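See below for the structure under consideration.
If you're wondering where the values come from, they're calculated on a predicted model, not measured in any experiment.
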Amino acid sequence: MPPGRPTASLPLFARLILALVAAVMIFVAGLALGGRPQLLPGPVRSLVLSDDMRTLQAALDIIQEDYYRPVQRRQLVNDGLAGAVEDLHDRFSHYLDPGTYRRFEASTEGRFSGVGMEVAEVKAGLRVSRVFPGSPAAKAGIRRGDEIVAVNGRSIAGRPSAQTTALIRGRPGTLVTLTVVSAGKRRQERMRRATVSAPSVTSSLRTVDGRKLGVVALSGFTSGAHAEVREAIDRLRRRGARGIALDLRDNGGGLLTEAVLVSSIFLPEGTIVSTNGRTRPRHVYSATGSSIPRSVPVAVLVNDGTASASEIVTGALQDRHRARVVGTHTFGKGVFQEVRELPNGGALDITVGEYFTPSGRNLGGGGVRRGAGITPDVRAADNPRTAADEGLAVALRTLAAQSR
């Protein structure tokens with residue numbers, strides 16, 4: 001070939017790169033056509049879709065085009081994803097549709113639109129563990145210990161709390177009707193949702209047998225919760241607190257990283273928790289940062305609503321002999337989830353592994369089933385129907401005895 005003449009063909013490597021780019025562009029074009037890759041040429045469609053995807057696509061097309069009444073393709077996809085996750089028979093894995101996922105993200109930041117209460121999952125639906133002052137729930141007379149059994153007339157018995165709480169939340173100004181059971185009596189409360197800033201931490205100073213003791217209640221392991229816990233503890237110690245009661249009752253968990261950081265407030269070094277999964281290599285999380293002096297006694301207050309990240313903290317402090325655990329058996333969740341975003345704006349909150357306390361305990365029932373949880377060192381059952389807080393009283397007496 002004479003010098004300076006352009007080549008008639010590209011090298012094989014360059015042709016392969018161009019083919020790959022073209023395939024990606026074709027696939028993107030298929031998505032741009034509204035998820036209808038059947039409109040693409042047959043060879044291209046075969047290239048970009050697997051047999052399973054083609055089957056699913058064909059089924060969706062048939063339903064959308066030939067079913068006797070109109071259906072929304074988006075709803076079919078949402079229902080299909082929810083059904084696929086449900087078929088895992090894992091009570092801790094969920095599909096979050098785009099709206100639910102947005103509300104979920106807001107709740108992990110400690111700010112959401114709802115009626116202003118914290119709840120724990122129970123057989124009948126949801127049990128109210130905390131009501132924020134001035135919130136719609138407080139104005140409606142909802143109190144700690146009440147049970148929510150239906151939302152907008154639909155029973156929520158047996159449904160995961162991730163779904164039922166999403167039903168209660170919604171745009172500010174919209175209405176929601178809750179069916180409430182209080183002291184055995186059933187009533188309906190219609191409330192207007194509002195934007196609620198949920199404080200993760202509340203604290204108080206108590207005196208028992210002449211000893212000042214600090215109480216720090218953590219409602220959820222949201223982003224930054226560890227800093228709030230540490231600030232509250234330091235403030236109480238400056239006021240003379242000689243012991244700390246960490247109240248994790250009805251705390252359903254949250255971010256694993258926050259559990260490690262909260263544990264590190266009490267443990268200066270060593271293992272907090274280890275995790276392992278089918279596609280996740282074993283990882284050991286150790287204490288980080290500065291801790292309060294070990295001479296400060298600690299009691300962790302728990303109940304059957306203490307789960308997940310709360311159990312990680314409780315298990316670490318119990319195994320490392322840093323705290324006395326007071327209350328009833330915890331929930332018993334020995335697995336952890338990751339939230340993976342999906343192209344439709346939704347997400348999968350899916351179980352990816354198990355976690356183990358420093359002594360090697362897994363608190364679940366062999367994976368995704370509910371297990372025995374953590375057995376308290378001191379048993380104390382609170383009665384939600386009384387104004388007194390029996391569980392906290394026992395925890396404070398336990399602390400007072402240790403601080404002598």
May I ask you to check whether [X] and [Y] show a side-chain donor-acceptor distance below 3.5 Å?
X: Tyr95; Y: Asn78; answer: yes
X: Glu341; Y: Tyr101; answer: yes
X: Asp319; Y: Thr357; answer: yes
X: Thr222; Y: Ser200; answer: yes
X: Ser286; Y: Thr271; answer: no
X: Asp90; Y: Thr351; answer: yes

Is the shortest heavy-atom distance from the side chain of [X] to the side chain of [Y] under 4.5 Å?
X: Gln188; Y: Val180; result: no
X: Ser129; Y: Val119; result: no
X: Val176; Y: Arg193; result: yes
X: Val302; Y: Val326; result: no
X: Arg237; Y: Val296; result: yes
X: Ser182; Y: Arg143; result: no
X: Glu189; Y: Thr179; result: no
X: Arg192; Y: Thr174; result: no

(request) Please assess Ile312 against Ser310 for the test side-chain contact (heavy atoms from CB on, under 4.5 Å), listing each intermediate value before the final yes or no. (result) CA-CA 5 Å; Ile312 288 176; Ser310 293; over 6 Å; no
(request) Kindly indicate, with the supporting measurements, whether the criterion salt bridge (charged side-chain N to carboxylate O under 4.0 Å, His left out) is fulfilled by Asp61 and Arg73. (result) CA-CA 9 Å; Asp61 290 340; Arg73 193 181 193 88; 2.8 Å; yes
Lys/Arg N to Asp/Glu carboxylate O, [X] vs [Y], below 4.0 Å:
X: Glu354; Y: Lys333; answer: no
X: Asp250; Y: Arg127; answer: yes
X: Arg230; Y: Glu228; answer: no
X: Arg238; Y: Asp234; answer: no
X: Glu311; Y: Arg361; answer: no
X: Asp247; Y: Arg249; answer: yes
X: Arg144; Y: Asp382; answer: yes

(request) Kindly determine whether Ile350 and Val85 satisfy side-chain contact (heavy atoms from CB on, under 4.5 Å), including the steps that lead there. (result) CA-CA 8 Å; Ile350 190 167; Val85 176; 5.8 Å; no
(request) Taking all heavy atoms of Ser263 and all of Ala316, pick out the closest pair and write down the distance. (result) OG-CB, 4.3 Å
(request) Can you see which heavy atom on Val339 is nearest to which on Asp349, and at what distance? (result) CG2-OD1, 3.8 Å
(message) One pair to check against side-chain contact (heavy atoms from CB on, under 4.5 Å): Val313 and Leu246. What are the steps and the verdict?
(response) CA-CA 10 Å; Val313 174; Leu246 179 63; 4.3 Å; yes
Look up atom [atom1] in [X] and atom [atom2] in [Y], then write down how far apart they are to the nearest 0.5 Å.
X: Thr177; Y: Ile168; atom1: OG1; atom2: CD1; result: 11.5 Å
X: Leu256; Y: Ile272; atom1: CG; atom2: CD1; result: 10.5 Å
X: Asn362; Y: Ser274; atom1: CG; atom2: OG; result: 9.5 Å
X: Leu218; Y: Glu258; atom1: CG; atom2: CD; result: 9.0 Å
X: Thr164; Y: Arg169; atom1: OG1; atom2: CZ; result: 9.5 Å
X: Leu76; Y: Leu56; atom1: CG; atom2: CG; result: 10.0 Å

(request) Show the numbers, then the answer: is there a salt bridge (charged side-chain N to carboxylate O under 4.0 Å, His left out) between Glu147 and Lys123? (result) CA-CA 10 Å; Glu147 290 187 351; Lys123 187 176 181 180; over 6 Å; no
(message) Keeping Asp304 on the side-chain end and Thr330 on the backbone end, is there a donor-acceptor pair under 3.5 Å?
(response) no
(message) Tell me whether Glu231 contacts the main-chain N or O of His226 through its side chain, where contact means a donor paired with an acceptor under 3.5 Å.
(response) no
(request) Give every residue pair that meets the salt bridge (Lys or Arg N to Asp or Glu O under 4.0 Å) criterion with at least one member in residues 278-288, sequence neighbours excluded. (result) Arg280-Glu338
(message) With a sphere of 6.0 Å drawn around CZ of Arg190, does it hold more than 12 non-hydrogen atoms of other residues, nucleotides or ligands?
(response) no
(message) Run Ile265 and Leu261 through side-chain contact (heavy atoms from CB on, under 4.5 Å) and show every step you take.
(response) CA-CA 7 Å; Ile265 296 172; Leu261 292 170; over 6 Å; no
